[in-house]
2 protein chains.
Amino acid sequence: MVSIYDIAKAAGMSAATVSRALADNPKISRASRERIHRIAEEMGYRPNLLARNFRQKSSSMIGLITDDVSDELSGMIAKGVEQALREHGFTMLVRNVHHDSEIEQEAIDYFGDMQMDGVILADSTLDALADVPKTKLPFVLINRYCSAEDPISIVCTDDFAGGYDATEYLIQLKHRKIAYINGPEDWYSSIRRLTGYTEALGKHEIGYRADYIKHGNWFEDSGYRLALELFRSDDPPTAVFAANDMMAIGVIDAARECGLRVPEDVSVMGYDDRTIAKYARPRLTTISLPMFEVGMMAGHALCEMIAKGQMPDGKSDRLLVRGKVIERDTTAPYKAEPTIASETAQDFNK
Amino acid sequence: MVSIYDIAKAAGMSAATVSRALADNPKISRASRERIHRIAEEMGYRPNLLARNFRQKSSSMIGLITDDVSDELSGMIAKGVEQALREHGFTMLVRNVHHDSEIEQEAIDYFGDMQMDGVILADSTLDALADVPKTKLPFVLINRYCSAEDPISIVCTDDFAGGYDATEYLIQLKHRKIAYINGPEDWYSSIRRLTGYTEALGKHEIGYRADYIKHGNWFEDSGYRLALELFRSDDPPTAVFAANDMMAIGVIDAARECGLRVPEDVSVMGYDDRTIAKYARPRLTTISLPMFEVGMMAGHALCEMIAKGQMPDGKSDRLLVRGKVIERDTTAPYKAEPTIASETAQDFNK
DNA sequence: TAAAAGCGTGCAATCGATTGCAAAATCGCA
DNA sequence: TGCGATTTTGCAATCGATTGCACGCTTTTA
């Protein structure tokens with residue numbers, strides 16, 4: 001490998017001059033600069049980034065900690081982060097931690113030891129807030145729960161708004177009997193989406209019914225099971241809003257099972273706008289989760305922190321990103337008489 | 001930041017001793033070792049990996065170049081690579097190159113400059129073979145085309161076997177009129193899958209029919225369009241095999257459009273086993289692409305190269321990984337009389 | 001014409017950890 | 001008690017690039 005010393009020798013100058021010339025330092029005469037550049041080129045010189053970064057005490061890299069990049073949504077976050085970083089001249093190093101706090105801690109330590117310039121923690125279910133600060137690295141959180149008082153930067157998707165918008169969209173469609181199949185009760189996002197749902201109902205003076213609220217486990221199967229309960233009840237809803245796309249697909253299965261047509265007899269909405277929403281039949285109406293933007297924002301926020309002050313200071317920067325209703329084929333305006341449909345359902349179940 | 005010198009001072013020993021003690025070098029007396037470890041712990045010592053790697057001329061990192069990790073399949077590759085690397089004590093750095101050869105070149109250079117120990121190039125459409133070797137980095141390719149003579153390591157999914165297995169599976173189901181909707185003609189994987197298809201037909205002495213072979217563009221829409229042509233022809237196939245899941249879903253749409261039931265009237269197969277295959281209705285029978293395993297193998301192969309010889313030597317290590325038929329709900333045994341169905345189709349289209 | 005200012009370059013230290021070699025300390029055994 | 005053998009430890013160089021400071025030379029200014 002050729003180093004600046006080799007170039008210095010070839011050029012008959014000192015390594016210091018070579019270093020400055022290659023950095024286009026104006027202190028070096030134009031003639032020398034050009035000559036050195038030429039020689040470096042000829043000799044196939046490549047800077048040793050480890051040496052440089054070591055000397056500079058900074059690696060120009062930031063770390064992204066995620067549970068699993070191969071998940072579609074995390075992948076979008078990674079892309080967004082990467083794009084933002086690129087603009088600032090940083091490189092991204094990803095570590096999957098698979099919901100394992102030990103691995104997460106290891107990753108954070110590694111990033112610190114590598115003199116990374118910052119860390120982004122994407123929606124792990126873990127609570128590493130206690131650990132990161134002690135590494136003295138600038139960091140920002142994505143979709144993690146933290147109280148508004150925590151002195152950290154965080155960017156989140158607006159779950160409240162998502163729940164609200166979805167519900168209001170269904171109300172706009174004249175639905176009044178709107179059921180909600182939520183995620184597990186102890187998930188932060190579940191709680192927020194539920195709040196949005198009830199808020200929207202309240203705003204439009206629609207009674208809140210406990211029997212229209214169910215808690216699933218995010219999986220298709222639970223959506224199916226809970227929707228079956230809803231559809232077979234005495235007073236079935238005319239629209240079902242599920243807290244993610246997988247459960248929504250379960251809801252559609254349940255509707256089919258009960259002989260209900262989607263969207264003619266029941267409207268169904270999902271949440272997340274994953275690829276499966278587009279490929280479901282009928283195509284699923286859902287709420288988009290702008291993960292790419294979220295990643296970008298987190299990336300920019302981090303770069304900004306690095307550029308100026310450094311550490312997460314007293315101010316809690318809380319950025320909320322709002323998704324949109326993605327209107328597809330599982331929702332339709334409510335029409336008065338679903339009687340035929342329910343008869344069909346009975347026939348079907350006989 | 002506390003360095004080994006700080007520890008040395010605190011312990012009243014030399015930095016050399018501290019370095020060795022922390023590395024558990026048996027040359028250092030047990031007593032000293034333990035004392036130094038304790039002091040290091042107390043002082044919150046963390047090794048500076050940039051310094052270490054710089055000295056060692058190796059970063060213990062390998063780079064993964066992929067078009068886009070947020071793609072489900074690339075994501076699986078990344079996970080596999082990461083797992084393999086973890087076992088060997090390496091860390092993975094991912095760079096998305098988005099099918100851009102300039103970015104790819106930049107990424108390769110960056111990896112070289114960072115003194116990475118190796119590179120894995122995952123299915124980019126580009127031909128960087130000319131560039132990588134000159135960086136003198138060990139590397140392995142994933143799903144890239146290269147002739148058997150190239151002196152490099154490569155791991156691929158076995159497209160030929162996939163095409164063959166899918167076709168044979170349909171033949172097993174007594175289908176004789178099997179159409180194939182391929183990807184673009186100039187894709188290596190398209191060609192191989194097609195060869196597998198024709199080979200399987202030949203093996204079972206089923207005539208090869210040019211009108212049963214179509215070329216799509218991987219997207220849903222092209223599957224739909226081409227399947228429509230097939231179903232409306234004079235002699236429609238009883239089974240359609242599409243070269244990926246997206247097109248297969250288009251095929252199902254086309255079948256529905258023609259009043260054909262899947263799988264009762266036509267069987268449909270996809271390829272890739274993406275998440276959408278599981279969420280399609282009916283659930284799509286398809287060929288799995290064991291990307292996780294592929295990633296693992298590539299990771300291990302690279303680590304092996306790094307561990308022993310280094311550079312890709314004369315021997316071309318070509319590993320083929322075979323997918324499996326994932327049997328779901330879009331395929332069924334052929335039954336003699338689909339006449340009713342085609343009448344329905346005509347009614348439907350009137 | 002001498003002093004001041006400016007330009008271009010080199011010296012040498014530095015970042016933190018590792019490691020070959022030599023020196024010092026300890027031990028064993030006669 | 002003494003000397004070689006063995007165990008522990010330290011010295012100093014090294015990896016490659018960067019940078020504060022100073023030196024020498026040229027140009028400008030008074």
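We name chains A, B, ... by the order of the sequence lines, and we start the count at 1 in each one.
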How many Å lie between CZ on A:Arg20 and P on C:dC11, as a whole number?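 After rounding, the reported distance stands at 12 Å.
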
To the nearest Å, give me how far apart CD1 (A:Ile36) and P (D:dT18) are. 13 Å

Within residues 24-35 of chain B, which residues have any heavy atom lying less than 4.0 Å from an atom of DNA chain C? none

Looking at CG of A:Leu73 and CG of A:Leu289, how far apart are the two atoms once the value is rounded to the nearest 0.5 Å?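 One gets 6.0 Å once the value is rounded to the nearest 0.5 Å.
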
Check: [X] side chain, [Y] main-chain N or O, donor-acceptor pair, under 3.5 Å:
{"X": "A:Ser59", "Y": "A:Asn53", "value": "no"}
{"X": "B:Glu72", "Y": "B:Thr275", "value": "yes"}
{"X": "A:Asn96", "Y": "A:His98", "value": "no"}
{"X": "B:Asp117", "Y": "B:Ser60", "value": "yes"}
{"X": "B:Arg33", "Y": "B:Ile28", "value": "yes"}

Between A:Thr17 and C:dG10, is there a contact of a side-chain N or O with OP1 or OP2 at under 4.0 Å?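 Yes, within the criterion.
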
Please step through salt bridge (charged side-chain N to carboxylate O under 4.0 Å, His left out) for the pair A:Asp113 and B:Arg46, ending with a clear verdict. CA-CA 6 Å; A:Asp113 296 349; B:Arg46 300 255 78 208; 3.0 Å; yes

Taking only N/O atoms, report every protein-nucleotides 13-17 of chain C pair under 3.5 Å with atom names and distance.
from	atom 1	to	atom 2	distance (Å)
C:dT14	O2	A:Arg55	NH1	2.9
C:dC15	O3'	A:Lys57	NZ	2.7
C:dG16	OP1	A:Lys57	NZ	3.1
C:dA17	OP1	B:Tyr45	OH	2.5
C:dA17	OP1	B:Asn48	N	3.2
C:dA17	OP2	B:Ile4	N	2.6
C:dA17	N7	B:Tyr5	OH	3.1
C:dA17	N6	B:Tyr5	OH	3.3

As a quick check of understanding, evaluate side-chain contact (heavy atoms from CB on, under 4.5 Å) for A:Ile62 and A:Leu93, giving each step before the final call. CA-CA 6 Å; A:Ile62 77 96; A:Leu93 206 160; over 6 Å; no

